[in-house]
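One structure is given below, encoded as structure tokens.
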Amino acid sequence: MSNRFRVERDSLGEVHVPADALYGAQTQRAFENFPISGQRFGRRFIQALGLIKKSAARVNRELGYLDGDTARAIAEAATEVARGDLDGEFVLDVYQTGSGTSSNMNANEVIAALANRILEGSEDAGAHRGDRVHPNDHVNFGQSSNDVIPTAIHVSARTAIEEELIPALEHLRALLAAKAEAFDGVLKSGRTHLMDATPVRLGQEFGGYAMQITRAIERLRHTSAELAELALGGTATGTGINTHPDFARLTIEHLSRETGLAFREAEDHFAAQGSQDACVSASGALNAAASGLMKIADDIRWLSSGPTSGIHEIRLPAVQPGSSIMPGKVNPVMSEALMMVAARVAGNHTTVTIAGSRGNFELNVMLPVIAHSLLESITLLAGASRAFADRCVAGIEANEQRARKLLDRNPAIATALNPYIGYDAAAKVAQEAAREGRAVRDVVRSRGLLDDETLEEALDVRAMTEPGLPAKE
């Protein structure tokens with residue numbers, strides 16, 4: 001055998017593992033079994049695995065199941081995993097065993113190997129050489145892949161939502177709210193079915209966008225609270241076999257301190273391991289946020305269309321040339337990027353929904369793809385929202401002159417005539433204005449339907465953007 005490999009053994013026999021790898025036989029087998037996508041778990045998921053193993057080692061020391069040196073070595077090694085120092089050792093494809101056992105063992109083997117190196121480097125190394133840290137017996141003590149992986153999904157998704165996505169959305173919401181205030185005096189045509197409708201203020205439109213983001217944040221906070229419930233302690237099937245009754249509670253207390261977020265043990269471990277309903281719910285909240293962002297990004301794209309043959313009621317910052325052949329063309333690229341992210345999140349939601357339904361009896365068997373899809377959606381939404389806020393929303397300007405020009409020719413303002421001349425007469429005015437390209441005001445005057453004072457009162461465009469009716473005489 002080449003000196004580039006070493007021989008490792010597991011319950012199935014010998015395996016050739018790269019000589020410099022910290023992982024062992026079970027990781028290598030999984031690496032060879034699943035050469036599928038080349039996609040690996042990201043930073044958040046590996047961080048969660050490291051924190052779980054670190055917290056478990058400390059609790060197993062408190063409970064008397066690990067000696068102090070072994071527990072400290074495991075905790076130190078797990079800290080390196082959580083910190084990201086060893087991400088290159090997590091080599092497995094996302095598409096693997098449905099329980100995520102391969103990735104749990106990847107973590108166990110890497111942490112055990114590093115813990116042994118730590119012990120061998122200590123002053124009393126001789127006392128440990130014959131009692132090496134074992135991936136299953138020590139690092140995984142009191143645990144099963146079946147409760148560790150669901151726990152890692154909840155921990156990683158919740159920390160990513162709280163630390164990445166919600167702050168990014170709050171930043172976007174603040175910029176949209178600022179634009180709503182700045183644009184409050186800009187009168188423009190409303191549009192329904194993409195057709196001219198009664199007047200609105202540009203600030204009202206942006207205020208609506210800001211409220212969409214506010215509601216998205218509220219949904220995410222709700223789902224974050226749901227993800228606080230952890231499966232740890234259920235071990236293989238939810239019964240808690242081979243774990244101390246206090247292990248889960250104490251380990252979760254450690255996890256809460258490590259993350260700065262309050263987690264709790266699952267009220268029912270069979271539900272926590274046999275289903276992934278909380279993840280499906282979380283994906284639903286992400287999907288709702290993506291749907292809202294799609295609407296906002298697309299509206300802004302339409303409102304900026306032109307500059308000569310579109311709506312062009314707002315101007316977007318020019319962030320890059322828009323064409324390789326048309327000089328001077330600038331496109332709404334930040335909207336387009338955000339819309340593509342929204343589409344991807346919708347696809348991920350379908351994946352999580354289908355995967356969540358595969359909770360056969362005591363275990364969901366599509367856990368890795370749930371983890372990958374959830375975390376990808378969170379990362380994409382956070383990154384795209386912040387980029388859209390900074391590179392697009394912050395620089396939007398109102399084209400007030402264009403908005404007013406379009407509004408003056410909008411036949412839908414005839415709606416305000418209904419209380420004065422009735423729907424049928426107002427409809428004829430609107431039709432004539434649209435057919436002849438004239439202002440509604442001019443048509444009313446030419447038909448002699450209202451005196452000038454009443455006409456000005458009826459066609460007060462600003463007043464049309466608020467609730468109200470003419471006073472009864």
Side-chain angles (χ1 to χ4, degrees), residues 160-192 197-225 285-305 311-319 332-339 341-342 345 377-404 407 461-468:
I161 287 171
E162 293 287 349
E163 296 177 7
E164 296 175 37
L165 181 51
I166 288 178
L169 289 175
E170 287 177 333
H171 178 56
L172 174 58
R173 188 210 65 78
L175 288 178
L176 288 168
K179 292 298 178 181
E181 183 176 353
F183 298 157
D184 188 60
V186 180
L187 299 170
K188 63 181 293 291
S189 293
R191 294 179 180 87
T192 58
T198 56
V200 300
R201 302 194 300 276
L202 184 59
Q204 289 174 315
E205 287 184 322
F206 274 77
Y209 304 151
M211 181 54 70
Q212 280 188 269
I213 303 302
T214 297
R215 294 289 182 251
I217 292 169
E218 290 172 356
R219 294 184 196 100
L220 288 166
R221 291 199 188 283
H222 177 80
T223 203
S224 174
L286 296 170
N287 189 53
S291 179
L293 288 166
M294 175 76 86
K295 181 264 196 297
I296 294 167
D298 205 19
D299 272 12
I300 286 174
R301 189 172 70 101
W302 277 100
L303 289 172
S304 67
S305 62
I311 297 174
H312 203 51
E313 291 174 343
I314 61 173
R315 300 185 186 92
L316 304 186
V319 296
V333 293
M334 301 311 299
S335 282
E336 292 163 0
L338 181 54
M339 290 162 65
V341 162
V345 172
S377 291
I378 295 166
T379 298
L380 288 175
L381 285 172
S385 295
R386 194 169 287 279
F388 184 68
D390 291 337
R391 305 291 292 172
C392 180
V393 175
I396 291 176
E397 297 176 348
N399 187 350
E400 192 167 356
Q401 183 178 2
R402 171 67 173 174
R404 187 65 198 222
L407 178 58
V461 179
R462 170 75 192 205
M464 293 183 199
T465 66
E466 301 285 358

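Residues take their numbers from the sequence shown, with the count starting at 1. Basis for what follows: all heavy atoms, side chains included, without hydrogens, waters or symmetry-related copies.
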Can L407 and E313 be said to form a side chain to side chain contact (heavy atoms under 4.5 Å, CB included), step by step?
-> CA-CA 11 Å; L407 178 58; E313 291 174 343; over 6 Å; no

Side chain to side chain contact (heavy atoms under 4.5 Å, CB included) assessment of M464 paired with T198 = CA-CA 7 Å; M464 293 183 199; T198 56; 5.8 Å; no

What do the steps show when you test R173 against Q212 for side chain to side chain contact (heavy atoms under 4.5 Å, CB included), and what is the final call?
-> CA-CA 9 Å; R173 188 210 65 78; Q212 280 188 269; over 6 Å; no

What do the steps show when you test D390 against L175 for side chain to side chain contact (heavy atoms under 4.5 Å, CB included), and what is the final call?
-> CA-CA 9 Å; D390 291 337; L175 288 178; 4.3 Å; yes

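Around the CD atom of E466, the shell of radius 6.0 Å holds more than 12 heavy atoms that belong to other residues, nucleotides or ligands. Annotation for E336: atom CD counts as buried by contact number, over 12 foreign heavy atoms lying within 6.0 Å. Counting heavy atoms of neighbouring residues, nucleotides and ligands inside a 6.0 Å radius, atom CZ of R191 exceeds 12 of them.
The backbone N or O of P199 sits nowhere less than 3.5 Å from a side-chain atom of T465 that would complete a donor-acceptor pair. Under the 3.5 Å distance criterion, the side-chain polar atoms of S291 are left unmatched by any main-chain donor or acceptor of A288. Side chain of S385 to backbone of A382: no donor-acceptor contact under 3.5 angstrom is found.
Residue I314 comes nearest to I300 through the heavy atom pair CD1-O, 3.8 Å, listed as atom of the first residue, atom of the second, then distance. When all heavy atoms of R391 and V319 are compared, the pair lying nearest together is O-CG1, 3.4 Å. Shortest non-hydrogen contact noted between I213 and L169 is CG2-O, 3.3 Å. For the residue pair G395 and K179, the shortest heavy atom distance occurs at C-NZ, 4.4 Å. Nearest heavy atom pair, residue A177 against residue A210, reads N-CB, 3.9 Å. Of all heavy-atom pairs between M334 and F388, the closest is O-CD1, 3.7 Å.
Electrostatic pairing of E397 and R402 does not count as a salt bridge here, judged by no charged N lying under 4.0 Å from a carboxylate O. E218 has no carboxylate O lying under 4.0 Å from a charged side-chain N of R221, or vice versa, which leaves the two without a salt bridge.
A distance of 10.5 Å separates CG of L165 from CG of L380, quoted to the nearest 0.5 Å. Interatomic distance, H312 NE2 to N399 CG, rounded to the nearest 0.5 Å: 5.0 Å. From R201, atom CZ reaches atom CG of L187 across 7.5 Å, with rounding to the nearest 0.5 Å. How far NE2 of H222 is from CD1 of I217: 16.0 Å, rounded to the nearest 0.5 Å.
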